[in-house]
Amino acid sequence: MKKILVASHGHLATGIQSSVEILTGMADQITAIDCYIDESDSTPKIEEFIESVGPGDEGVIFTDIYGGSVFQKVVLLQPEKRGIVHVTGMNLGLVIETLI
């Protein structure tokens, strides 16, 4: 199974998820995490996604800005050790192409 996480500063992640729903109807296959919209820490949500990717799954994490704080949170969790690909500089077209 393909599992995709989009994580961003502000509401970009849920915005991409919303656009994916309008264009493909497949938003349920995406986990979106909007970071820094309140005082909560997004790290546990990212960890939960990483843990949910099993050996038979294809996992991809998209973040918005290379070197940004969301990118750094993901890098520190080392998702590549579980076979998860981390792509930064995400955009709607890239997420849809990966999903389909």
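The structure presented is a predicted model; accordingly, all values stated were derived computationally and were not measured.
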Where at least one partner belongs to residues 66-76, residue pairs that pass side-chain hydrogen bond (donor to acceptor under 3.5 Å, both in side chains), sequence neighbours excluded
His9-Ser69, Tyr36-Ser69, Asp41-Lys73, Thr43-Lys73
Hydrophobic cluster membership, Leu94 vs Ile65, 4.5 Å side-chain cutoff
no
As an exercise, state the distance from NE2 of His11 to SG of Cys35, rounded to the nearest 0.5 Å.
11.0 Å
To check you understand the geometry: which heavy-atom pair defines the closest contact between Gly25 and Asp28, and what is its length?
O-OD1, 4.1 Å
Could you name each residue pair satisfying salt bridge (charged side-chain N to carboxylate O under 4.0 Å, His left out) that touches residues 43-67, not counting sequence neighbours?
Lys3-Asp57, Glu51-Arg82
Atom pair CD1 (Ile4) and CD1 (Ile16), whose distance is rounded to the nearest 0.5 Å:
11.0 Å
Can you list the residues that meet the side-chain hydrogen bond (donor to acceptor under 3.5 Å, both in side chains) rule with Thr14, with sequence neighbours excluded?
Asp34
What distance separates Ile30 CD1 from Leu99 CG, expressed to the nearest 0.5 Å?
5.0 Å
For Phe62 and Val95: C-alpha separation, side-chain torsions, deciding distance, then whether side chain to side chain contact (heavy atoms under 4.5 Å, CB included) applies.
CA-CA 8 Å; Phe62 289 100; Val95 173; 4.0 Å; yes
Which residues satisfy the side-chain contact (heavy atoms from CB on, under 4.5 Å) test with Val75, sequence neighbours excluded?
Phe71, His86
Smallest heavy-atom separation, Asp38 atom then Ser40 atom, equals OD1-OG, 2.5 Å
Minimal non-hydrogen separation, Lys2 against Thr98, with atom names
NZ-O, 2.7 Å
Suppose we screen for side-chain contact (heavy atoms from CB on, under 4.5 Å). Which residues come up paired with Ile96, at least two apart in sequence or across chains?
Val20, Leu23, Thr24, Leu92, Ile100
Mind checking who shares a hydrophobic cluster with Leu5, ILVMFWY linked at side-chain heavy-atom distances under 4.5 Å?
Ile33, Ile46, Phe49, Ile50, Val53, Ile61, Val74, Leu77, Ile84
For Ala27, enumerate each residue passing the side-chain contact (heavy atoms from CB on, under 4.5 Å) test, keeping only those at least two apart in sequence or located in another chain.
Gln17, Glu21
